[in-house]
There are 2 protein chains.
Amino acid sequence: MHAVAELAGCSTATVSKALNGLPVSAENLRRVYAAAEQLGYVPNLAARSMRQEKTMTLGMVVNFEGHPRSELLYTFQDLIANMESAGYSVLLSIVRNEGLDLDTLLQRFLAHRVDGLFYWQARPSNALAWYERSNIPVIAVGFRDPECAQLPFVTLDGAPAFAAACRDLKALGHRDFAEIVVDRADPLYKLYPRMRGVRWREIRIGHGEQDLRNAVEKLLTGGAAPTVVFAAPPTSTQLLSIAGELGLAVPGDLSVVSYFDLEDAGLFRTPLSAIRTDYDKLGDAVATAMLDALSGRQVGDVMVPDSAHFVPRASTGPARARPAG
Amino acid sequence: MHAVAELAGCSTATVSKALNGLPVSAENLRRVYAAAEQLGYVPNLAARSMRQEKTMTLGMVVNFEGHPRSELLYTFQDLIANMESAGYSVLLSIVRNEGLDLDTLLQRFLAHRVDGLFYWQARPSNALAWYERSNIPVIAVGFRDPECAQLPFVTLDGAPAFAAACRDLKALGHRDFAEIVVDRADPLYKLYPRMRGVRWREIRIGHGEQDLRNAVEKLLTGGAAPTVVFAAPPTSTQLLSIAGELGLAVPGDLSVVSYFDLEDAGLFRTPLSAIRTDYDKLGDAVATAMLDALSGRQVGDVMVPDSAHFVPRASTGPARARPAG
DNA sequence: CTGAAAGCGCTTACAG
DNA sequence: CTGAAAGCGCTTACAG
C-alpha cells in the first residue's frame, strides 16, 4: 500500500479512501487505481479486519455422524455461492469421528474471527458458549439437538411429505410402520405428527451391513413384522440389496421408503420410493437467515415450506396379507 | 491479550511467549495459562498473520463446468481433515457458471493471504500469475488444462483401468468405441494410449437431455454405429434411461461404460459398468503434495497409482453382430 | 527469563 | 479533499 501511495504520489490514507469509495479528487482516484493496477496490489484482508470489526469470513461446520449424503454438495454449492456474492468467504470443515474434534474446530474458527457460523446437524459443544459471548451468529442447519435450542434453526419442512407418504401407504393397507435407526441417530418419524390408526416401531441397528442383515432376518421370522420400513441412505439402499439376497420381495413382502432421495433412485432395479428434498431452497433460506443475522436482525427458526415431497416409486406397494390372528 | 497480561501480572510479550511455547518461567507459564483460561482468551489469527508470514489458511477452488460429481465430497472431507490436522483451515469455493467468476474468487483468496491453493480442474486464469508472483503454492487436482502446465498436478492414474476396460471390451468383440462429450469438455479417451485394432470417435452434445436423446437416435439409425459408449455421469446414467425409452437394449445393442462409478450403480436395473476411483487415495496424495509445497519442498506431478479399477457390470456385454459389409 | 518498543498493513477520527 | 498519526492484536529482535 505504501508502494501504491508512493507511485500515485499521495498518502496511504488517500489510497485507502480511493480504493474504498470514500470521497477523493477525481485526479487522485485515477492515479491510485492506475498505481494499484500497475503494482498488482491486493489488499490484505487480515490487516483490514484488525481495524474493522468484520473479517468477511464465515465458518461452516458439517457434523456427519454416520454417512454423509453427498447430495448435500449441492446445498453447499448454493450456499457458498450466495455468501460469496455478498462478499464473504467460507471456511469449510467436515467433522467425522476421526480427525480433529468439534470443539477444536469451533475454536479454530473463533481464532479466525469468523463473522458467523453455519452449523449443520447442531450438537451441543462448549465452544458454542464462546460464540454467544462474542456475539457471533450461529445458524443451525438441517438438524438441531434439543440442547442447542437457543440457536436459530433452518430446516426443511418435511412434515407434509411425511404425512403424504403415510397417507399413501395407509391407503395401500399398511398399518405397521417401522424406522431403521443407525447407531445413536434420532428416529425421524418422531419429529412428525403421528397418523391415526398406524403403529410405529423403531429398529435400532449398529453400523455395518451385517447389523442390517440380522435385522432384516429378524423381520422375516418375526410374527407381527412391519409391512413398511423407512430408512435414510445408505441404509435404505442397502436394504434393497439385502432383501434381494435374503429372498424378501420388495414391495411384495416389505415396502421401503427412503427418507432422502437419491439422484439415480429411479434407475434402480426396484426404483426406490423416497422423500425428495429441494436442497436449493434450503441453501437459499440458510443464506438469507445468515445475511439477516449478519446485518444485526433477529432471526428466528425457519421451516422452509414446500421443500419436500413424497415420490412413490416401485419399492412401495400394497401391504402383504397378514396371517390371520 | 492485554487483559491476559494484566491478570497474569506480566507483559504481553511474556503472554505471547508462554502461549507459543517459548521459554518462560514455570510460574509465569502457569499464571498465563490460568488467566487465558479464565478470560476465555482466543488468539486473533489475523493479527498473528500480520507479523508472521503465514495465515494457516488454504484456498480450495472447485471448478465444475458441468455437473458436480457428488462423490467428490468424500475427497474434500478427507483432504480438509488432513489439512486441519496440520493446523490449517480451508476456504472452499465451488465455481459455476452463475455466481462470481473464477478470477474474482482467486483474487479474493489472495486478499485472504492463503498459504496455498488447491485448484480442482485447473483452467487458466489471470489471477494465477499473482499466485506465482507471491510464491503461493498452487496444486492442480484432477485435471489440468495444458495452459496450466506450470502447476504441479495430482491426479488418479486412470490409464490401467481404462486399458483394462478396453481389453475386456475388445475381447467381447467390440471394435467401435465412442465417447460422449458434453459441451466443451475434453474427451477423456484421448488422455490414454490407444489400443490397437479399435476405432474411437467423439460424440459431442450440448447440455440437456434432449441433446443426448438426439444423439442416441442418431446412433440407432447410423450405419456404422459404435457398439460401446463411454461417458461420465450424469450422461452415463441418462444414457441408460434414454436407451430404455427408445428401445435400445443395453448391452444387447450398445454397451455403456461410466467413466466414474456411482455409489449405487450396482443396484440399477441395468447395473452400470464403471471405472471406480479411490478418492481417499487422491485426497491423501493431494494433502501430502500440499504439505510438501508448504514446507518449501519442490513438488512435481503425481499420478496416484492403483487408484482406479474397471468394474464390469451388466451394462457391458458382447458386441452386437455387425451388418455384413 | 523479562518487558519496552517497533512494526506487520490497514482504516479512521482529526486537524488542516 | 488531504495527510499525519493513532491504533487494531499480535510477534520479535533487542536490551536488560
Side-chain angles (χ1 to χ4, degrees), chain A residues 1-33 35-36 39-57 87 89 107-115 130 133-136, chain B residues 1-33 35-36 39-57 87 89 107-115 130 133-136:
Chain A
M1 191 160 172
H2 288 104
V4 175
E6 196 164 343
L7 183 59
C10 64
S11 70
T12 59
T14 301
V15 172
S16 172
K17 286 167 191 158
L19 261 23
N20 289 298
L22 297 180
V24 202
S25 70
E27 172 62 8
N28 267 333
L29 189 66
R30 194 186 55 69
R31 294 168 62 173
V32 166
Y33 267 87
L39 264 32
Y41 170 73
V42 180
N44 183 329
L45 257 36
R48 171 178 300 174
S49 75
M50 289 192 60
R51 295 284 351 222
Q52 308 190 143
E53 65 282 22
K54 318 162 60 180
T55 57
M56 298 307 282
T57 306
S89 296
Q107 217 163 113
R108 191 177 287 173
F109 280 0
L110 222 40
H112 276 284
R113 295 295 187 271
V114 293
D115 293 331
W130 302 17
R133 199 183 314 152
S134 311
N135 226 9
I136 299 171
Chain B
M1 191 160 173
H2 289 104
V4 175
E6 197 164 340
L7 184 59
C10 64
S11 71
T12 59
T14 300
V15 171
S16 173
K17 286 168 191 157
L19 260 24
N20 289 297
L22 297 179
V24 201
S25 69
E27 172 62 8
N28 268 333
L29 190 65
R30 195 186 55 69
R31 294 169 62 172
V32 166
Y33 267 87
L39 264 32
Y41 170 74
V42 179
N44 183 330
L45 256 37
R48 171 178 300 173
S49 75
M50 290 191 59
R51 295 285 348 225
Q52 306 190 145
E53 66 281 22
K54 318 162 59 177
T55 57
M56 298 308 280
T57 305
S89 295
Q107 217 161 115
R108 192 177 286 174
F109 279 0
L110 222 40
H112 276 286
R113 295 294 187 273
V114 294
D115 293 332
W130 301 17
R133 198 182 315 150
S134 311
N135 226 9
I136 300 171

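Numbers restart at 1 for each chain; the letters A, B, ... are given by sequence-line order, proteins then strands. The structure presented is a predicted model; accordingly, all values stated were derived computationally and were not measured.
- Applying the side-chain hydrogen bond (donor to acceptor under 3.5 Å, both in side chains) rule to Ser134(B) yields no partners; only residues at least two apart in sequence or on another chain are considered.
- Contact check for Phe109(A) versus Ile136(A): no side-chain heavy atoms found under the 4.5 Å cut-off.
- Scanning for side-chain hydrogen bond (donor to acceptor under 3.5 Å, both in side chains) contacts around Ser49(A) gives an empty result, with sequence neighbours left out.
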Report, one pair per line, the protein and nucleotides 5-7 of chain C atoms (nitrogen or oxygen only) whose separation is under 3.5 Å.
from   : atom 1 : to       : atom 2 : distance (Å)
dG7(C) : N2     : Arg51(B) : NH1    : 3.3
dG7(C) : N3     : Arg51(B) : NH1    : 3.3

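- As a whole-Å value, the separation of Arg31(A) CZ from dT2(D) C1' is 13 Å.
- Closest heavy-atom contact between Ala5(A) and Ser11(A): CB-C, 3.8 Å.
- Looking at heavy atoms from C-beta onward, Val32(A) lies out of side-chain contact with Val24(A) at the 4.5 angstrom threshold.
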Bracket notation of DNA chain D in which parentheses pair within the strand, [ ] cross earlier pairs, and | pairs with another strand (Watson-Crick or G-U, under 3.5 Å): |||.||||||||.|||

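- For the pair Arg48(B) CZ and dC8(D) C1', the interatomic distance rounds to 16 Å; values are reported in whole Å.
- The CE atom of Met56(B) sits 16 Å away from the C1' atom of dC10(D) (whole-angstrom rounding).
- The shortest distance between side-chain heavy atoms of Ser89(A) and His112(B) falls below 4.5 Å.
- If you take atom C1' in dT12(C) and the same atom in dG16(C), they sit 16 Å apart, rounded to whole Å.
- A heavy-atom distance below 4.0 Å to DNA chain C is reached by these residues of residues 15-29 of chain B, ordered by number: Lys17(B), Pro23(B), Val24(B), Ser25(B), Asn28(B).
- Pairing each heavy atom of Val15(B) with each of Val4(B), the nearest pair is CG1-CG1, 3.9 Å.
- Here the side chain of Arg113(A) pairs a donor or acceptor atom with the backbone of Pro43(B) at under 3.5 angstrom.
- Contact annotation: the side chain of Thr12(A) approaches that of His2(A) to within less than 4.5 Å [non-hydrogen atoms, C-beta and beyond].
- Between the CD atom of Gln52(A) and the P atom of dG9(D) there is a distance of 14 Å, rounded to whole Å.
- Taking CG of Leu29(B) as the reference point, atom CG of Leu19(B) lies at 9.0 Å (rounded to 0.5 Å).
- Taking 4.0 angstrom as the limit, Thr14(B) places a side-chain polar atom (N or O) nearer than this to OP1 or OP2 of dG3(C).
- Here dG9(D) presents its C1' atom at 15 Å from CG of Leu39(B), a figure rounded to the nearest Å.
- In this structure, the side chains of Arg31(B) and Cys10(B) stay at 4.5 Å or more apart for every pair of heavy atoms.
- Judged by closest nucleotide on DNA chain C, His2(A) is the one of Glu53(A) and His2(A) placed further toward the 5' end.
- When the P atom of dG3(C) is taken as reference, atom CE of Met1(B) falls 12 Å away, rounded to whole Å.
- For the pair Leu110(A) CG and dG9(D) C1', the interatomic distance rounds to 15 Å; values are reported in whole Å.
- Distance from the side chain of Ala47(A) is smallest to dG9(C) among dG3(D), dT11(C), dG9(C).
- When rounded to the nearest whole Å, the span between CE of Met50(A) and C1' of dG9(D) equals 4 Å.
- Residues meeting the side-chain hydrogen bond (donor to acceptor under 3.5 Å, both in side chains) test with Glu6(B), sequence neighbours left out: none.
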